[in-house]
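Okay, structure first, notes after.
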Amino acid sequence: MSNSESNESDIPNRFDHATAAARIVQAWEAAGCNRATVNPDRKPFTIVIPPPNVTGALHLGHGLNNTLQDILVRTRRMQGFEALWMPGTDHAGIATQAVVERRLREQENKTRHDLGRDALVARIWKWKDQYEARILGQLKRMGCSCDWERTRFTLDDRCAAAVRATFYDLFSQRLIYRGKRLVNWDTFLQTAVSDDEVFNETTQGHFWHFRYKVINPQRGEPLEVEIATTRPETMLGDTAVAVHPDPEAALEAAEKELLEKLAVAPEKDRPAIQLQLDDLLSRRETMLPTLIKLRDMAMSGRHVMLPLMNRPIPLVADSWAKPELGSGCVKITPAHDPNDYEVAQRCGLPMINILLTDGTLNSETGPYQGMTIAAARQKVVADLDSLGQLGEIEDREIELPHSDRSKTPIEPFLADQWFVKMDSLAQSAMDAVTNESVKIFPVRYRKGYLDWLGEKRDWPVSRQLWWGHQIPIWSSLKLSDTDAKALTAKIAKITTEAGSITHQVEEDANGNCQVFVCLRREDANLETAVEALGLIRDPDVLDTWFSSALWPHSTLGWPEKTAELEYFYPTSTLITSRDIITLWVARMVLMGLNNTGKVPFSEVFIHPKILDGLGETMSKSKGNGVDPIDVIDKFGPDALRFGLAWLATETQDVRMPVQYECPHCEKLIDQTKKNRSLPRIHCNHCGGDFSTQWAESADDLALQRGAVVSERFETARNFVNKLWNAARFTLMNLTDFKPVSIDRDCLPLEDRWLLSRLATVTGEVTDATNHYRYAEAARSLYDFAWDEFCSLYVEMAKSRLSDPLQRAQTQTIIAYALDTLLRLLHPIMPFVTEEIWGHLGKAAPSRGLEKQVTAVPFVMRAAWPTIDPRDLADGNIQRQFSVFREVLGAIRQIRSSQNVAPREAVPVAIHCDRAIEDLLTPMRPLLESMANAEVLNLGPTATAFEIDAPLSLATLGIEVHVDLSRFIDVGAELERLERLLGQIVKQIVSKEQKLANESFVSRAPEQVVATERQSLQDLLRQRESVTGDIERMRKRS
RNA sequence: GGGCGUUUAGCUCAGUUGGUUAGAGCAUCUCGUUUACACCGAGAGGGUCGGGGGUUCGAGUCCCUCAAUGCCCACCA
């Protein structure tokens, strides 16, 4: 610190966040500042953290999410609420297991089956411990004021108890059921993944045409039907060929639709549509008779022969077959295609699964058994070719579904799964939002929530994974009716406390029964008893969102009726990102309602997303995630938080270009698509190499790590410094502080102005925070602190503090102002405000205006500022003070335009009316010190100097004159005046036009017209005066 | 295909219920270390508010339309 040796103060001129932050966190924790306990004397305010996945470290997206939560929690805590922020992390089933399995493969070349279930799960726990610690550490360094002693994990005992209870209750209500359903099968992870975990990728593929022979064709009937597919091997599982039940009507409908489209289509799209239309018309000629014939054959139960398998399969009539596409016929593979599955359900077709869980073909496929999908595809095509049943092969782009977790192609797969019936549960969650017991901000997100729930699609909750809450179901083999009865009788005899075991019997179409037992609690004895009856536990685990859905009440102790649950639940607000509104928010609402009868939170705030410089969302997998710790190390935690809050506006995502910082030469290197996932970066500036977050090899890890930062935090860092130094100035001037009691009525204008601004800003910030307008709160504070408190009040205070008559009063007010500012800024910038608060507490332990009160030790626990109505009562204060600002600005502008050196005092005359004279007279010393001026004359009698630079503040009726005889640069002055005249004339023209417009004068409100007239008058006067100045100046040149 | 956003200064973004000359930060230019701060101070330049049309006395703001761009959902034998 260059100036730290100065003996004015023992406070350095930079806030040393690196050492202060850790000390402050420790002090808060030691004093229990973060703790929230059941306290009937206060109203509770609760937020549960969206538990970060333990898959990896947090990035700036989490940084924003948690900053916004902390700002709200800290504000409410200061407002006197018993504020609880519940922390924790999510086990993130598939994602975490996939990460650990991938490492296992990469580093040890082993699969999970090599390890076995218990060993793999143990490894994942280790991983979890490592990343949970890292995540919690990141949150702590960001200053998050969570009640850390309550930290939960979605897979811990308490959450497990909630999951078991919920599953048991839903099972008992028959809201959880077992069904054979087509699921998205990830053949790599060997698990079903939900629709939400599937993404489509366009790849080059083929479209194969096959011909199936009609069995016993009659005269006039086609001998073959043609079908086409992108996945030939699935034909092994075909159970029908479909044709439209009314091909003629379907073609007509398609034609009508195209004609309508043609009518409204823009010129350039028309040829393409016309082409389709022509194709449609030719189909009527060539194909319709055949399709009608096939339809009739379908109606009379005719079959075609499935080649290779030599299995007769029926022709069926179903509208899924579109006569306007392909041959008009479509093969039906119910077990491996979602649409075909629907057809099979409608037509009562058998479903043949041809795959094993690892993606190889099973025994249903005869000679193809054991082959991979790719191999089977080749062989099927070759075999059909040799049979002469292969037709055309087209090249085509295919949208192929991929698993988001393993990045491998998805195979639709028929499997036994557990489902949650969504009907009534979804409805309850929809009602909660429509009747506003849950309010979503911004409101536009309501629609997505309601639409998604409105589909009421049942929720498949089982996952074929090892990491997660194992489904608490034990099932029997398929039994006869009598055996099942005998078994249930035995189950009924198991002695245990009521409500901890239940069972259901499921009977299939063939009369076989299967018994399912559900246990409500983890209980080794009970499990042994159940297993002794030959029942086997379902190996699957629950979808990770099942436990996340319980988070707001499970973390507070449900299903136990704890005092915490009673007091802190329902929670107040949920702050999260838009991509999990359906997956998480909706499910929390319905589970909360189902389990507790109450909504889990009354408000939901959806914040923007952080995008990188290319406009892509930050994510671990893309490699563009920025570790908040990097930003904290470089700029400090307060700058991180303030920067994020400043950027978090309502409508716009946050674009944040990021750079690598070379650890050797500190040169910034832009992060690009190319370099963002490299383990090692070469610095072209200094020639050194450094490692990144992707470094894994020993060589790379040995390098120094390069931080990833963004210049967009500089503004915030500078602001922290500005505040720090304003405080430093204040503290330096409080060494002899003895507070005096302030009488508001006797205060000079500048003090009344400051108090009025403080009250206004308090109102703005409170209101903005209440409505989640964080950027507005941050901007309001920034502008006030920098432009008004620092640039004006502190500057004014300098001369007043040196005046013995004014010193004590000024000290009292500036201490009060700093105190208020620290409270207002604390939720956004907790560290620097706490540090200053500590210093202020030493210099001015007791402070206030009328009455002095001893400050509490932590600003974190200080009361939120309240607004004294007297500070807002006089609406004129701001206007009056702006006169001072205008005059000050005018003198400074003239000085600058004339290149008058700052150290040179200039003589000034201010021509104005009596009222303004009265206003400005007491502020004359301030004007003189802040503009380095000497005010020679002030009032109606003030006149211009002989060599003058005038500036007319027309709307105020003020003319500011500066004597330039010692400084004049005629050329520069002429240039300035002429530019000014140009601006004035432009405005006069526009005003005159406006006022010459008859309809404006007659229709616009009187007030508006009057203002326009007045300002035209002012402008005319100003023109006159400037013209005169120019003439005078010309004479001199 | 459906839904929701976005387009304002070189860059990143504000802009309340339509109403004086559209704002901020960064960048640029000029001057400057006057006892808080060069992570600073004083000042300046820079915008036909994506294009077109409409409503209105008056449009960055409301309506229609076109274009670009992003996200979500659905679908594609």
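Here is the naming used below: chain letters follow the sequence lines, and residue numbers restart at 1 for every chain.
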(request) Grab the CG-P distance between Asp451(A) and rC73(B) for me, whole Å please. (result) 12 Å
(request) Round to the nearest Å and state the distance from Lys322(A) atom NZ to rC76(B) atom P. (result) 9 Å
(message) Quick check on RNA chain B: between Leu611(A) and Ala727(A), whose nearest nucleotide comes earlier from the 5' end?
(response) Ala727(A)
(message) Can a donor-acceptor pair be found, under 3.5 Å and without considering hydrogens, that links the side chain of Ser896(A) to the backbone of Arg892(A)?
(response) no
(message) For Glu795(A), give me all partners under salt bridge (Lys or Arg N to Asp or Glu O under 4.0 Å), at least two apart in sequence or on another chain.
(response) Lys798(A)
(message) Measuring to OP1 and OP2 of rA77(B), would you say a side-chain N or O of Asn339(A) lies under 4.0 angstrom away?
(response) no
(message) Tell me if a side-chain donor or acceptor on Ser791(A) pairs with a main-chain N or O of Trp786(A) at a distance below 3.5 Å.
(response) yes
(message) So if I define the base as every atom that isn't primed, P, OP1 or OP2, how would nucleotides 6-18 of chain B read as a B/S/- string at a heavy-atom cutoff under 4.0 Å?
(response) S-----SSS----
(message) Measure CD1/Ile606(A) against P/rG5(B) and give the value in whole Å, please.
(response) 14 Å
(message) Suppose you measure atom P in rA27(B) against the same atom in rA22(B); what distance do you get, rounded to whole Å?
(response) 25 Å
(request) Using a 4.0 Å heavy-atom cut-off across all strands, classify Glu795(A) as base, sugar-phosphate, or nothing. (result) base
(request) Please list, chain by chain and in numerical order, all residues satisfying side-chain contact (heavy atoms from CB on, under 4.5 Å) with Thr715(A), sequence neighbours excluded. (result) Tyr782(A)
(message) Checking contacts here: which listed nucleotide (rC39(B), rA36(B), rC71(B)) is nearest the side-chain heavy atoms of Arg717(A)?
(response) rC39(B)
(request) Using the closest heavy atom to pick a nucleotide of RNA chain B for each, name whichever of Lys798(A) or Phe207(A) lands nearer the 5' end. (result) Lys798(A)
(message) Please check: side-chain N/O of His336(A) versus main-chain N/O of Pro412(A), any donor-acceptor pairing under 3.5 Å?
(response) yes
(request) Can you label the angle between the Trp724(A) ring and the His839(A) ring as parallel, tilted or perpendicular, going by 30° and 60°? (result) perpendicular
(request) Round to the nearest Å and state the distance from Asn13(A) atom CG to rA36(B) atom P. (result) 12 Å
(message) Does the plane of the ring in Phe789(A) sit parallel, tilted or perpendicular to the ring in Tyr793(A)? Use 30° and 60° as the thresholds.
(response) parallel
(message) Suppose you measure atom P in rU65(B) against the same atom in rG2(B); what distance do you get, rounded to whole Å?
(response) 13 Å
(message) Please report the distance separating the P of rC39(B) from the corresponding atom of rA44(B), rounded so that it comes out in whole Å.
(response) 23 Å
(request) Mind calculating the distance between OH (Tyr445(A)) and P (rC73(B)) to the nearest angstrom? (result) 13 Å
(request) Determine the Euclidean distance between corresponding P atoms of rG32(B) and rA24(B); express it in Å to zero decimal places. (result) 25 Å
(message) Could you check whether any side-chain N or O of Asn725(A) sits under 3.5 Å from a backbone N or O of Arg728(A), counting only pairs where one atom can act as donor and the other as acceptor?
(response) no
(request) Measure from NZ on Lys447(A) to P on rG3(B) and round the result to the nearest Å. (result) 7 Å
(request) Sticking with atom P, work out how far rG23(B) lies from rU28(B), rounded to a whole angstrom. (result) 23 Å
(message) From the set rC39(B), rG5(B), rA36(B), return the single nucleotide nearest to any side-chain atom of Arg444(A).
(response) rG5(B)
(request) Start with the C-alpha gap between Asn932(A) and Val906(A), add the side-chain angles, then the distance that decides, and say whether side chain to side chain contact (heavy atoms under 4.5 Å, CB included) holds. (result) CA-CA 7 Å; Asn932(A) 196 13; Val906(A) 289; over 6 Å; no
(request) Give each stem of RNA chain B as a range with a range, requiring at least 3 consecutive Watson-Crick or G-U wobble pairs whose two distances are under 3.5 Å. (result) B:1-7 with B:67-73, B:10-13 with B:23-26, B:28-32 with B:40-44, B:50-54 with B:62-66
(request) Would you mind telling me which of rC76(B), rG3(B), rC39(B) lies closest to the side-chain atoms of Trp320(A)? (result) rC76(B)
(request) Inspect the contact between Arg773(A) and Asp767(A) and indicate whether a charged nitrogen and a carboxylate oxygen are less than 4.0 angstrom apart. (result) yes
(request) Calculate the interatomic distance between Asp340(A) atom CG and rC76(B) atom C1'; express it in whole Å. (result) 13 Å
(message) For a 4.5 angstrom cut-off between non-hydrogen side-chain atoms, does His244(A) reach Lys322(A)?
(response) no
(message) Considering every strand and a 4.0 Å limit on heavy-atom distances, what is the contact class for Arg895(A): base, sugar-phosphate, or nothing?
(response) nothing
(request) Just call it for Tyr782(A): base, sugar-phosphate, or nothing, with non-hydrogen atoms closer than 4.0 Å on any strand. (result) sugar-phosphate
(message) Protein within reach of the bases, or only the backbone? For nucleotides 41-46 of chain B, mark each nucleotide 5' to 3' as B, S or -, using heavy atoms under 4.0 Å.
(response) SSSS--
Got a list of side-chain donor-acceptor pairs under 3.5 Å for residues 232-239 of chain A, not counting sequence neighbours?
| residue | atom | partner | partner atom | Å |
| --- | --- | --- | --- | --- |
| Glu233(A) | OE1 | Arg377(A) | NE | 2.9 |
| Glu233(A) | OE1 | Arg377(A) | NH2 | 3.4 |
| Glu233(A) | OE2 | Arg377(A) | NH2 | 3.0 |
| Thr234(A) | OG1 | Arg231(A) | O | 2.7 |
| Thr234(A) | OG1 | Lys331(A) | NZ | 2.7 |
| Asp238(A) | OD1 | Lys331(A) | NZ | 3.2 |
| Asp238(A) | OD1 | Thr333(A) | OG1 | 2.7 |
| Asp238(A) | OD2 | Tyr212(A) | OH | 2.8 |
| Thr239(A) | OG1 | Pro350(A) | O | 3.1 |

(message) Please give the distance between the C1' atoms of rC62(B) and rC26(B) as a whole number of Å.
(response) 33 Å
(request) Identify whether any heavy atom of Ala726(A) sits under 4.0 Å from a base atom; if not, whether one sits that close to sugar-phosphate; answer base, sugar-phosphate or nothing. (result) base
(message) Quick one, Val343(A) and Pro334(A) - any side-chain contact, counting heavy atoms below 4.5 Å?
(response) no
(message) Using the P atom as the point on both nucleotides, what is the distance between rC37(B) and rG18(B), in whole Å?
(response) 47 Å
(message) Rounding to an integer number of angstrom, what distance separates rU69(B) and rU30(B) when you compare their C1' atoms?
(response) 39 Å
(message) Between Arg885(A) and Asp787(A), does any NZ, NE, NH1 or NH2 come within less than 4.0 Å of an OD or OE carboxylate oxygen?
(response) no
(request) Please report, rounded to the nearest Å, how far the C1' atom of rG3(B) is from the CG atom of Leu450(A). (result) 13 Å
